[in-house]
Amino acid sequence: MKISVIMASWFNPNRQNMDKKLIRAIKSFINQSYKGEKELIIVSDGCLKTKEIYETHFKDNKEIIYFHSQKQPMYSGGIRSIGLKIATGDIICYLDNDDVFGKEHLQTIVDQFTDDVDWVYYNDFMVLNKEFTKFYTRWVDPRWASIGTSSIAHKNPKKCEKLKDIEWFTGYGHDFLYVLKLASLGTKFKKLQKNPQYIVCHYRDGDF
């Protein structure tokens with residue numbers, strides 16, 4: 001089974017060390033324990049720094065695909081929709097460019113993603129310190145302000161009739177609106193019993 005990871009990449013001028021965080025995120029994909037086919041699709045939101053980092057560090061990795069897009073409006077889902085069009089995997093999940101995967105993340109999703117469901121959701125983890133030694137589990141439910149790209153995986157719309165026309169929305173809360181659309185299409189879904197290892201890295205003191 002092939003799994004595609006879509007990463008929308010832009011640099012927030014108000015956040016520090018975005019270059020180091022992007023490199024860390026990409027390396028967490030490279031270091032996955034999953035031995036099956038996988039690909040990381042990096043779609044740059046008009047960000048030339050992302051292109052520079054890709055060409056300097058990762059362009060020779062055949063599992064990493066880079067696509068440059070023109071700058072999108074704030075809260076645009078268009079970048080992830082581009083990723084959907086490129087993706088060739090059976091399952092799609094997402095990685096923000098300042099978060100990371102634990103080594104078992106993709107394997108844990110694949111192990112529990114059964115043929116009878118169209119998408120799954122799961123709890124994620126928040127890291128509490130820069131040493132990556134303290135975490136807490138964020139309980140996720142399919143509701144506003146709870147579920148987002150860090151906690152969903154779904155079949156590739158190009159390989160699933162129910163999802164064939166789905167696209168990401170543009171506007172505040174587009175993560176939840178996307179999940180709401182997934183649920184409204186007559187899809188079957190479930191919460192995974194064993195948590196994958198999506199690690200959210202938003203904490204007060206930064207991590208470098």
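Throughout, numbering of the chain's residues begins at 1 and tracks the sequence.
With His105 contributing its side chain and Gly102 its backbone, the two residues share no donor-acceptor pair below 3.5 Å. In terms of modelled atom types and a separation under 3.5 Å, the side chain of Asp118 and the main chain of His154 share no donor-acceptor contact. Side-chain atoms of Lys21 come within 3.5 Å of backbone N or O of Gln16 as a donor-acceptor pair. Gln112 contributes a side-chain N or O that, together with a main-chain N or O of Gln193, makes up a donor-acceptor pair within less than 3.5 Å. Remark: side-chain polar atoms of Ser146 are paired, donor with acceptor, to backbone N or O of Asp141 under 3.5 angstrom. In this structure, the side chain of Lys158 engages the main chain of Ala87 through a donor-acceptor pair within 3.5 Å. Between the Asn61 side chain and the Glu63 main chain, a donor and an acceptor come within less than 3.5 Å of each other. Without hydrogens or angle criteria, Lys162 side chain to Gly186 main chain gives a donor-acceptor distance under 3.5 Å. Within the 3.5 Å criterion, the main-chain N or O of Ile147 finds no donor-acceptor partner in the side chain of Ser151. Of the possible donor and acceptor atoms, one in the side chain of Asn123 sits under 3.5 Å from a partner among the backbone N and O of Val140.
Residue Phe189 is grouped with residue Val179 when hydrophobic side chains (ILVMFWY) are merged at heavy-atom distances under 4.5 angstrom, including chains of intermediate members.
Taking 4.5 Å as the limit, every side-chain heavy atom of Leu182 sits out of range of all side-chain heavy atoms of Pro142. Side-chain atoms of Val120 and Ile152, non-hydrogen and from C-beta on, never get closer than 4.5 Å to each other. For the pair Phe67/Ile42, no side-chain contact is recorded, criterion being any heavy-atom separation below 4.5 Å from C-beta on. Using a 4.5 Å heavy-atom threshold, the side chains of Asn195 and Thr137 count as touching. Proximity of Lys155 to Ile92: side-chain heavy atoms (C-beta onward) are nowhere separated by under 4.5 Å. Residues Asp45 and Ser69 form no side-chain contact, since every pair of their non-hydrogen atoms from C-beta on lies 4.5 Å or further apart. Taking the side chain as every heavy atom from C-beta outward, Ile3 and Phe113 never approach each other to under 4.5 Å. The closest side-chain heavy-atom distance from Val100 to Phe29 is not below 4.5 Å.
Proximity of the aromatic rings of Trp139 and Tyr122 is defined here by a centroid distance below 6.0 angstrom, and this criterion is not met.
Classification of Lys188 and Asp116 as a salt-bridged pair fails, no side-chain N sitting under 4.0 Å from a carboxylate O. Ion pairing of Asp175 with Arg80 is present here, as a side-chain N (NZ or NE/NH1/NH2) and a carboxylate O approach within less than 4.0 Å. Checked for salt-bridge contact, Asp90 and Lys2 miss the test: no charged N lies under 4.0 Å from a carboxylate O.
Counting heavy-atom neighbours within 6.0 Å of Lys191 NZ, excluding the residue itself, gives a total above 12. Other residues, nucleotides and ligands contribute at most 12 non-hydrogen atoms within 6.0 Å of the NZ atom of Lys27. More than 12 heavy atoms of other residues, nucleotides or ligands shown are found within 6.0 angstrom of NZ on Lys190. Counting non-hydrogen atoms of neighbouring residues, nucleotides and ligands closer than 6.0 angstrom, the NZ atom of Lys164 reaches no more than 12 such neighbours.
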Please assess Val5 against Ile41 for the test side chain to side chain contact (heavy atoms under 4.5 Å, CB included), listing each intermediate value before the final yes or no. CA-CA 6 Å; Val5 179; Ile41 301 166; over 6 Å; no
Please lay out, stage by stage, how Tyr54 and Leu22 fare under the test side chain to side chain contact (heavy atoms under 4.5 Å, CB included). CA-CA 10 Å; Tyr54 166 76; Leu22 174 58; over 6 Å; no
Taking it one step at a time, do Ile91 and Met1 satisfy side chain to side chain contact (heavy atoms under 4.5 Å, CB included)? CA-CA 8 Å; Ile91 299 173; Met1 182 179 292; 3.1 Å; yes
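Closest approach of Asn97 and Ser9 over heavy atoms only: ND2-OG, 3.3 Å. For the residue pair Ile23 and His57, the shortest heavy atom distance occurs at CD1-NE2, 3.8 Å. Summarising the geometry of Phe132 relative to Val127, their closest heavy-atom pair is CA-CG2, 3.8 Å, with the distance given to 0.1 Å. The nearest pair of heavy atoms linking Asp99 to Val200 is OD1-CA, 3.6 Å. Shortest non-hydrogen contact noted between Gly77 and His174 is CA-CD2, 4.2 Å. In terms of heavy-atom proximity, Tyr198 sits nearest to Asp124 at O-CB, 3.5 Å.
Judged by distance alone, the side chains of Glu167 and Ser81 never bring a donor and an acceptor atom under 3.5 Å apart. For the residue pair Glu39 and Thr88, a side-chain donor N or O sits within less than 3.5 Å of a side-chain acceptor on the partner. Glu104 and Ser33 form a side-chain donor-acceptor contact under 3.5 Å, judged by distance and modelled atom types alone. Checking Ser44 against Trp10 by side-chain atom types alone, no donor-acceptor pair falls below 3.5 Å.
The cationic group of Lys59 does not satisfy the cation-pi geometry with Tyr66, failing either the under 6.0 Å distance to the six-membered ring centre or the 45° limit from the ring axis.
Here the straight-line distance linking atom OG1 of Thr149 with atom CE of Met7 works out to 11.0 Å at 0.5 Å rounding. Between the CH2 atom in Trp144 and the CZ atom in Phe176 there is a gap of 7.5 Å [rounded to 0.5 Å]. Taking CD1 of Ile199 as the start and CZ of Arg138 as the end, the distance is 12.0 Å to the nearest 0.5 Å. Note that the CZ atom of Phe101 and the OG atom of Ser150 stand 10.0 Å from one another [nearest 0.5 Å]. Summarising the geometry, atom CD1 belonging to Ile6 is positioned 12.0 Å from atom CG belonging to Asp96; distances are rounded to the nearest 0.5 Å.
Residues passing the side-chain contact (heavy atoms from CB on, under 4.5 Å) test with Lys134, sequence neighbours excluded: Leu128, Asn129.
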